[in-house]
Asker: 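If you scroll down you'll find the structure; I have some questions about it.
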There are 2 protein chains.
Amino acid sequence: MCTRPTHFARQTISSRLFLWSVGDGIKCKFKPPSYHKNRRVNYFRPGSKSAGKGSIDLSFQRRDLLMEIAPRTRNSWKKRVATFVGGDTGIWRVTNTKAVAGPPLKSVDRIEVVEGNLAALPSGGKWLIRGVTSNDRYTTRKEHEMLLSRQPALGRPEATHAALIPITKSESWWQLSQSERRGIFETRSGHIRVGLKYLPAIARRLYHCRDLGEPFDFLTWFEYAPANADAFEELVSILRQSEEWRYVEREIDIRLAREIST
Amino acid sequence: MCTRPTHFARQTISSRLFLWSVGDGIKCKFKPPSYHKNRRVNYFRPGSKSAGKGSIDLSFQRRDLLMEIAPRTRNSWKKRVATFVGGDTGIWRVTNTKAVAGPPLKSVDRIEVVEGNLAALPSGGKWLIRGVTSNDRYTTRKEHEMLLSRQPALGRPEATHAALIPITKSESWWQLSQSERRGIFETRSGHIRVGLKYLPAIARRLYHCRDLGEPFDFLTWFEYAPANADAFEELVSILRQSEEWRYVEREIDIRLAREIST
């Protein structure tokens with residue numbers, strides 16, 4: 001795994017100068033070739049500091065991507081994609097990790113939530129997982145509206161507890177028809193029904209990643225105040241006992257506390 | 001746009017030797033750093049030829065990707081992703097292109113269908129678009145089974161005509177609830193119902209790409225025998241008149257004939 005900043009490739013564009021650094025300090029400087037002219041080239045923000053060991057360069061956020069030329073990426077997608085970096089930086093300190101099903105992720109001290117698509121691991125990172133928010137897959141109009149009206153925003157000051165629960169469902173789940181999945185998800189497991197009971201106490205965001213080639217199908221993210229910690233345990237416990245959960249073949253439960261790194 | 005092979009970065013792994021070539025012939029040779037040890041690094045097949053102008057290296061297919069380190073990519077995804085390269089090579093010769101809605105794609109002579117994810121444009125290519133096959137989004141069990149039983153495989157010898165129709169739907173479509181989209185898609189537009197009538201004459205495959213950050217939401221691919229060309233026109237015409245199509249904001253209709261490049 002990459003733990004040193006020299007161990008991944010990066011590209012800096014500043015005016016007409018390119019800097020390409022790969023591996024142990026090898027650098028190539030050259031003018032941008034004409035093919036870059038009509039392409040969107042992702043870049044580090046000029047003047048951003050190289051990440052030292054043990055820190056993630058926060059300027060990676062948003063537009064600043066590693067090793068990716070994305071000529072056709074739509075703006076709307078860039079606002080939907082997020083990268084979760086497990087390592088030793090980030091405002092979210094890991095308080096507990098449990099591999100509920102399937103192989104664990106490497107144990108980390110902190111998680112950095114990056115708005116945008118990081119294509120390579122920043123220094124200090126042990127793993128990264130990515131996902132995109134997307135359209136509803138199982139809602140009726142009524143459910144859709146209830147969710148929209150009751151869901152609080154992320155980042156509430158009092159919501160100092162969080163959970164990142166990456167989930168993978170089995171191939172047999174994905175081979176079902178849409179109506180069968182809806183039947184299991186809502187009619188028989190009450191996923192939306194149950195979730196609505198815990199709104200607005202538990203803020204949530206669902207990231208999809210199966211079609212991105214990621215190891216998980218979903219990254220589920222929850223934020224809540226310490227006073228609602230028991231309610232969150234209850235919610236998780238009810239869902240894990242549902243018929244839907246028989247199709248979950250990998251699940252990691254990572255609990256977090258918001259705490260600025262010292 | 002990239003038209004010369006020197007104009008994109010590539011990485012070759014052969015035993016313990018790395019070759020990195022960026023821009024105008026700049027190359028760096030070094031041993032793999034330790035961080036590669038636990039990663040899957042995508043590579044050109046050893047011994048594959050560099051693509052010359054006007055040809056796409058067919059060894060790109062499957063495992064051979066450009067500029068992408070994918071440590072966590074699942075095998076099942078690699079079988080689901082495809083890249084369509086518009087350029088001057090490939091067995092599919094473009095016979096007609098029409099921008100039905102929204103901005104056109106650059107006009108090309110041929111399309112190469114690559115099984116796998118090409119992250120950069122091969123030489124001779126003017127554009128590339130990617131998508132993944134995925135789970136059904138709107139089927140009932142009965143529809144799902146009818147589709148499975150009637151759908152022919154791609155690549156039938158007699159199906160020498162094809163169409164690649166990339167489509168983007170509007171944000172208002174994606175903001176609908178699942179049940180509303182099903183209502184428009186099938187109950188009111190009969191997308192599945194109409195499609196089933198043309199099976200097995202018209203073989204089809206649907207690639208999803210909205211969540212991949214691609215410029216299109218879907219790449220629709222059809223293959224049929226010349227004798228069924230009128231049937232295909234009828235199918236396309238019926239769908240374009242449907243309520244569902246009011247949500248299509250970009251659509252390019254590319255017609256193809258299978259013909260080995262000379």
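Chain identifiers are assigned alphabetically (A, B, ...) following the order of the sequence lines, protein sequences preceding nucleic acid strands; residue numbering begins at 1 within each chain.
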Asker: To the nearest 0.5 Å, what is the distance between NZ on B/Lys169 and CG on A/Asn135?
Answerer: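 Atom-to-atom, B/Lys169:NZ and A/Asn135:CG are 10.0 Å apart.
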Asker: Can you tell me which of B/Leu147, B/Thr139, B/Asp136 forms the most heavy-atom pairs within a distance under 4.5 Å of chain A?
Answerer: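 Of B/Leu147, B/Thr139, B/Asp136, B/Thr139 has the most heavy-atom pairs under 4.5 Å with chain A.
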Asker: If I take atom CD from residue A/Glu145 and atom OG from residue B/Ser177, how far apart are they, to the nearest 0.5 angstrom?
Answerer: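 Taking CD in A/Glu145 and OG in B/Ser177, the distance rounds to 8.0 Å.
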Asker: Below 4.5 Å from any heavy atom of chain A, which atoms of B/Glu143 appear? Answer side chain, backbone, both or neither.
Answerer: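 Neither part; nothing is under 4.5 Å.
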Asker: Answer yes or no: is there a donor N or O on one side and an acceptor on the other, between the side chain of B/Ser179 and the main chain of A/Arg141, under 3.5 Å?
Answerer: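 Between the backbone of A/Arg141 and the side chain of B/Ser179 there is a qualifying donor-acceptor contact (under 3.5 Å).
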Asker: Identify which one of B/Arg210, B/Arg130, B/Arg80 satisfies the salt bridge (Lys or Arg N to Asp or Glu O under 4.0 Å) criterion when paired with A/Asp211.
Answerer: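 Single salt bridge (Lys or Arg N to Asp or Glu O under 4.0 Å) partner of A/Asp211 among B/Arg210, B/Arg130, B/Arg80: B/Arg80.
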Asker: Nearest 0.5 Å, what's the CD-CZ distance between B/Gln178 and A/Arg182?
Answerer: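 Rounded to the nearest 0.5 Å, the CD-CZ separation comes to 9.0 Å.
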